Amino acid sequence: MRVLFWGTPEFAIPSLRALAEEGHELVGVVTQPDRPAGRGRQLSSSPVKRVALSECDCPVLTPEAPRGEDFVERLRALEPEVSIVVAYGHILRREVLDVPAHGSINVHASLLPALRGAAPINWAIARGYEITGVTVMRMAEAMDAGPILFQAEELIGTAETASELGARLSERGAEVLVQALGLLHSGALEERDQDHALATYAPKVDRGSARIDWTRDAVTVGNHVRGMDERPGAWSLLHGQPVKLFRPDPQPVSVSGGAGAPGAVVAAEASDGVIVQAGEGTLALGEVQPPGRRRMRTADWIRGHGVAVGDRFE
């Protein structure tokens, strides 16, 4: 099929490559424009753009906003049979969705109608889900609300982080997409409407949503830390400075002497790491990123006198 691909982050790359490997003709790639990044704030291309320029012999479009008659005419000129959208970053209007003869299809990293929105992987873990998956759906103008074409479930590991789960689901999404396109091309794909009454939402994660609430129980705090890994990174204030925390190991029962206020450091030994009191139970942390420094093992942080028993995260 003649495919117009839309995507921006690393998550979209396995699907882009899978389409080419399966013999689909990529007639164009649409991705976000170059953005300032890093400490120097130099312009940086999206991961999809870098792969498309190096591996795909097709036009790469980078509109600030995917709308307007001129842009739509450029899409029509490519004569796509189907648009495939994987984490592009904009809601597409009907005039754009209807350009291809077979419409527009999206790969979403949840079992819709659960976790509609920008960050389904983060919130699946942060909210304690045991099962998630990927959905291939026909796109509508409303966010992640179109008919379901294909779904596949995936178990979430008990210690799995959002970055690890994202890598798995990106590969699974590519596999499911190829299956769905094969069925679509043969006319064997059946659509089913979502039950909108069951919809839940996964808003974009940011610095505010990543802050840790130590009054919650240790398992919930641990889920939150895993869900925010590695971006934006769960964080808490220590001595007035933001510290990012990673690799949690929640203990429902407090360690000996761990009867301090939520956020209190109740153990800080290089052999055991940092253990913090939660609202109920304690949380051992395996890695940390102090402000202005690299991510490191908590054992190294302790040896460097970055934290001690009696300190308190806020």
Side-chain angles (χ1 to χ4, degrees), residues 7-15 32 35-41 44-48 50-51 86-87 89 108-110 115 117-129 132 134 154-174 202-214 216 218-238 241-250 273-274 276 278 283-302 304 306-307 313:
T8 299
E10 293 281 351
F11 183 86
I13 291 175
S15 291
Q32 295 275 358
R35 305 291 189 194
R39 292 185 179 181
R41 307 304 293 165
S44 177
S45 300
S46 75
V48 163
R50 292 194 293 269
V51 170
V86 186
H108 185 75
S110 79
L115 298 172
I121 297 170
N122 302 88
W123 291 114
I125 293 178
R127 294 174 186 168
Y129 283 40
T132 188
V134 290
E154 287 289 316
L155 293 174
I156 299 175
T158 56
E160 194 165 26
T161 67
S163 50
E164 293 164 345
L165 178 60
R168 279 207 299 124
L169 291 183
S170 68
E171 296 291 344
R172 187 67 171 124
K204 182 179 179 179
V205 293
D206 56 20
R207 180 175 170 78
S209 58
R211 187 168 187 175
I212 297 170
D213 179 359
W214 293 104
R216 304 170 82 182
V219 171
T220 300
V221 175
N223 290 342
H224 180 81
V225 172
R226 292 188 298 115
M228 297 300 117
D229 184 301
E230 63 187 43
R231 293 180 181 177
W235 65 279
S236 190
L237 290 177
L238 182 69
Q241 296 293 316
V243 179
K244 292 184 179 182
L245 304 170
F246 308 94
R247 297 296 176 190
D249 181 12
V274 174
V276 183
L283 191 73
L285 295 155
E287 295 181 0
V288 64
Q289 186 175 6
R293 301 179 65 184
R294 61 175 177 80
R295 184 166 166 173
M296 66 181 73
R297 296 184 309 145
T298 50
D300 297 330
W301 194 40
I302 292 166
V307 66
F313 288 100

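One-based numbering along the sequence shown. Since the model is a prediction, treat every value here as computed from it, not as a measurement.
- Between I121 and T132 the shortest side-chain heavy-atom distance does not fall below 4.5 Å.
- With sequence neighbours left out, R297 forms a salt bridge (charged side-chain N to carboxylate O under 4.0 Å, His left out) with D300.
- Considering only residues two or more places apart in sequence or on other chains, F313 meets the ring pair (Phe, Tyr, Trp, His ring centres under 6.0 Å) condition with W214.
- Shortest non-hydrogen contact noted between P248 and G222 is CG-O, 3.4 Å.
- Judged as a salt bridge (charged side-chain N to carboxylate O under 4.0 Å, His left out), and not counting sequence neighbours, the contacts of E164 are R247.
- For D249 (side chain) and A284 (main-chain N/O), no donor-acceptor pair under 3.5 Å exists by modelled atom type.
- A 4.5 Å side-chain heavy-atom check between V86 and F11 finds at least one atom pair inside the cut-off.
- Using a cutoff of 4.0 Å between basic side-chain nitrogens and carboxylate oxygens, E154 and R168 are scored as salt-bridged.
- Two residues are said to be in side-chain contact when any heavy atoms from C-beta on lie closer than 4.5 Å; W123 and P203 meet this criterion.
- With sequence neighbours left out, the salt bridge (charged side-chain N to carboxylate O under 4.0 Å, His left out) criterion links R295 to D229, E287.
- Residues H108 and P120 have side chains in contact (heavy-atom distance under 4.5 Å, counting atoms from C-beta outward).
- With rounding to the nearest 0.5 Å, the separation of CD in Q289 from OG1 in T298 is 14.0 Å.
- Evaluation of the ring pair (Phe, Tyr, Trp, His ring centres under 6.0 Å) rule for W301 yields no partner, not counting sequence neighbours.
- Not counting sequence neighbours, D213 has no partner by the salt bridge (charged side-chain N to carboxylate O under 4.0 Å, His left out) test.
- With rounding to the nearest 0.5 angstrom, the OG atom of S44 is 11.5 Å from the CZ atom of R35.
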Step by step, work out the side-chain contact (heavy atoms from CB on, under 4.5 Å) result for F246 and M228.
CA-CA 9 Å; F246 308 94; M228 297 300 117; over 6 Å; no
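- Using a 4.5 Å cut-off on side-chain heavy atoms (C-beta onward), V288 and V274 make no contact.
- To the nearest 0.5 Å, atom OG of residue S170 and atom CG of residue L165 are 9.5 Å apart.
- Taking all atoms of both residues into account, the shortest heavy-atom contact from S163 to T161 is OG-OG1, 3.1 Å.
- At a cut-off of 3.5 Å, with distance as the only test, a side-chain donor of D206 or S209 sits close to an acceptor on the other residue.
- Put simply, CD on E230 and NZ on K244 are 9.0 Å apart, with the number rounded to the nearest 0.5 Å.
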Apply side-chain contact (heavy atoms from CB on, under 4.5 Å) to residues L115 and Y129 and explain how you reach the verdict.
CA-CA 11 Å; L115 298 172; Y129 283 40; 3.6 Å; yes
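- Closest heavy-atom contact between G227 and A162: O-CB, 3.3 Å.
- Across all non-hydrogen atoms, the minimal contact from R172 to V134 is CG-CG2, 4.1 Å.
- Of all the heavy atoms in V205 and N122, the pair that sits closest is CG1-CB, 3.9 Å.
- Counting heavy atoms from C-beta on, the side chains of S45 and Q32 never come closer than 4.5 Å.
- Within the 4.5 Å cutoff, the side chain of L237 has no heavy atoms near those of the V243 side chain.
- In terms of heavy atoms, P242 sits closest to P291 at O-CD, 3.1 Å.
- From H224, atom NE2 reaches atom CG of L245 across 10.0 Å, with rounding to the nearest 0.5 Å.
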